[in-house]
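The sequence lines fix the lettering, A, B, ..., with proteins before strands; numbering per chain opens at 1.
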Amino acid sequence: MPELPEVETIRRVLERKLAGHRILNLTISHEKPLRPQSALALQAHARGQRIIAVERRAKYLLLRLEEGSLLVHLGMTGQLFAMVSGKPAPADMPGLPDKHTHVTLTLDRGQLLYFRDIRRFGHFRWITDQEATRLSEGLGPEPLSPQFTPGTLLKSLTRRQTSIKALLLNQRIVAGVGNIYADEALFRARIAPQILGRVLTLEQCTRLHAAIREVLKEAIHYRGTTLSDYYDPESRRGGFQDRLKVYGREGEPCVTCQTPVRKGIVAQRGTHWCPKCQPWKKSRRK
DNA sequence: CTCGGCCTGCTC
DNA sequence: GAGCAGGCCGAG
């Protein structure tokens with residue numbers, strides 16, 4: 001579900017609400033636990049610790065503690081909800097905790113944090129600083145950082161024998177882009193998703209680099225995209241779904257040329273593009 | 001590199 | 001009942 005703009009939106013809310021709070025207790029539902037770590041280990045490492053800061057790397061959230069970090073990945077349907085006990089919850093917040101709530105953090109001053117994940121593709125575990133560093137080193141550059149340039153993009157695409165769509169979804173090429181923003185960035189850069197990454201010119205890489213950054217920045221500005229499951233920790237919906245140009249718009253007119261937007265499968269994922277603005281000749285691979 | 005699997009819930 | 005969904009990992 002959540003890609004970089006959604007995770008960044010969550011990060012900003014959590015930073016404001018949780019930084020400086022101490023974790024009094026942490027409970028884990030034992031019904032169908034999340035895989036990675038035992039409840040006991042998680043509790044032992046997190047209990048009593050103060051949250052120093054909330055960071056994001058790609059689609060991962062890191063609650064930095066005095067010792068190590070709580071690492072959260074939201075998978076497809078993960079959600080974090082923050083509330084204060086006794087205060088009324090927002091109207092559309094699910095009653096918490098419910099059967100999909102896997103972790104409950106009780107913090108000082110009545111602050112609560114719930115991790116909920118219907119499909120349970122997400123992760124919630126404690127890691128050391130060393131593990132956090134290793135995780136980060138295994139990922140490509142942050143698209144909004146100066147480390148990400150048209151040149152590094154071009155270089156990372158050479159010698160790769162797959163579509164540009166697949167490469168944008170590969171977190172080692174650029175970290176944090178998912179299915180929605182890959183389609184949106186390719187549309188803005190006027191590049192067909194099926195094209196082999198290694199045939200892109202420097203000019204195309206320059207356009208794609210700019211498109212990725214612009215679409216992510218705009219989406220952060222609108223607090224992400226809510227298609228169905230995404231809500232921020234205050235149960236607010238995103239606003240970017242009304243500004244998508246191709247994703248979810250199959251058959252609707254292209255915003256630029258009115259040609260119906262097409263949908264197909266590229267890199268095993270539903271993919272949306274304008275056949276006229278993003279021309280692609282189906283050629284025999286060489 | 002591609003594919004299937006991990007899960008639940010929703011739409012057709 | 002089948003197919004699909006914002007992600008990621010590991011088998012082949």
Side-chain angles (χ1 to χ4, degrees), chain A residues 1-11 29 31-37 56-61 71-80 94 98-102 115-125 134-136 138-140 143 156-187 193-199 212 215-216 219-220 222-232 237-251 263-272 285:
Chain A
M1 150 182 94
E3 307 181 31
L4 187 151
E6 290 76 37
V7 179
E8 177 61 21
T9 303
I10 292 170
R11 187 200 70 74
S29 113
E31 305 288 314
K32 290 177 175 175
L34 297 170
R35 287 144 294 141
Q37 196 168 46
R56 179 190 59 73
R57 175 76 171 104
K59 301 172 196 170
Y60 292 91
L61 275 171
L71 176 74
V72 186
H73 195 290
L74 300 171
M76 292 280 254
T77 54
Q79 300 168 320
L80 289 162
D98 66 357
K99 68 168 177 171
H100 297 300
T101 304
H102 302 106
F115 174 61
R116 184 172 185 267
D117 184 4
I118 293 176
R119 290 172 72 182
R120 310 206 322 270
F121 290 174
H123 295 245
F124 192 115
R125 62 196 170 102
R134 226 180 303 145
L135 172 80
S136 183
L139 295 165
S156 63
L157 301 181
T158 57
R159 236 178 302 122
R160 303 305 296 262
Q161 191 64 32
T162 192
S163 64
I164 186 61
K165 170 76 186 259
L167 293 165
L168 288 183
L169 296 177
N170 180 340
Q171 302 296 296
R172 304 186 70 117
I173 307 286
V174 53
V177 174
N179 205 34
I180 296 178
Y181 299 108
D183 285 4
E184 293 295 310
L186 287 166
F187 173 76
Q194 298 87 347
I195 291 190
L196 285 184
R198 64 179 172 83
V199 309
I212 290 168
V215 74
L216 294 177
I220 291 170
Y222 286 99
R223 305 184 338 274
T225 298
T226 297
L227 296 178
S228 57
D229 296 312
Y230 171 69
Y231 287 84
D232 82 1
R237 295 166 55 85
F240 198 69
Q241 59 279 4
D242 301 330
R243 289 171 170 78
L244 297 173
K245 296 184 173 165
V246 285
Y247 191 91
R249 296 192 66 245
E250 180 186 14
K263 181 180 182 189
I265 303 289
V266 181
Q268 290 88 240
R269 306 296 297 276
T271 299
H272 310 73
R285 56 129 78 85

Select base, sugar-phosphate, or nothing to describe what [X] touches, counting heavy atoms under 4.0 Å on all strands.
| X | answer |
| --- | --- |
| A:Glu3 | sugar-phosphate |
| A:Ser163 | nothing |
| A:Thr77 | nothing |
| A:Ile118 | sugar-phosphate |

With rounding to whole Å, what would you report as the distance between C:dG10 and B:dT8 at their C1' atoms?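 About 22 Å, rounded to a whole number of Å.
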Can you tell me which nucleotide in C:dG6, B:dC7, B:dG9 comes closest to the side chain of A:Phe121?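 Closest nucleotide among those given: B:dC7.
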Please name all residues satisfying ring pair (Phe, Tyr, Trp, His ring centres under 6.0 Å) with A:His100, sequence neighbours left out, ordered by chain then number. none
Treating a pair as Watson-Crick (purine N1 to pyrimidine N3 plus N6-O4 or O6-N4) or G-U wobble (N1-O2 and O6-N3) with both distances under 3.5 Å, list the stems of 3 or more consecutive pairs that involve DNA chain C.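 When the pairs of DNA chain C are grouped into runs of at least three, the stems are B:1-6 with C:7-12, B:8-12 with C:1-5.
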Figure out the NE2/P separation between A:His102 and B:dC7, and round it to whole Å.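 Rounded to whole Å, this separation is 11 Å.
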Is any side-chain nitrogen or oxygen of A:Tyr181 closer than 4.0 Å to OP1 or OP2 of C:dG6? no
Is any side-chain N or O of A:Gln161 closer than 4.0 Å to OP1 or OP2 of B:dC1? no
Interface polar pairs with nucleotides 8-12 of chain C, N/O, under 3.5 angstrom:
| residue | atom | partner | partner atom | Å |
| --- | --- | --- | --- | --- |
| C:dC8 | OP1 | A:His73 | NE2 | 2.7 |
| C:dC8 | OP2 | A:Lys59 | NZ | 2.9 |

Are any non-hydrogen side-chain atoms of A:Thr162 and A:Asn170 less than 4.5 angstrom apart?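 No, their side chains stay 4.5 Å or more apart.
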Check this for me: does any side-chain nitrogen of one of A:Lys245 and A:Asp183 sit under 4.0 Å from a carboxylate oxygen of the other?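 The answer is no: the pair does not qualify as a salt bridge.
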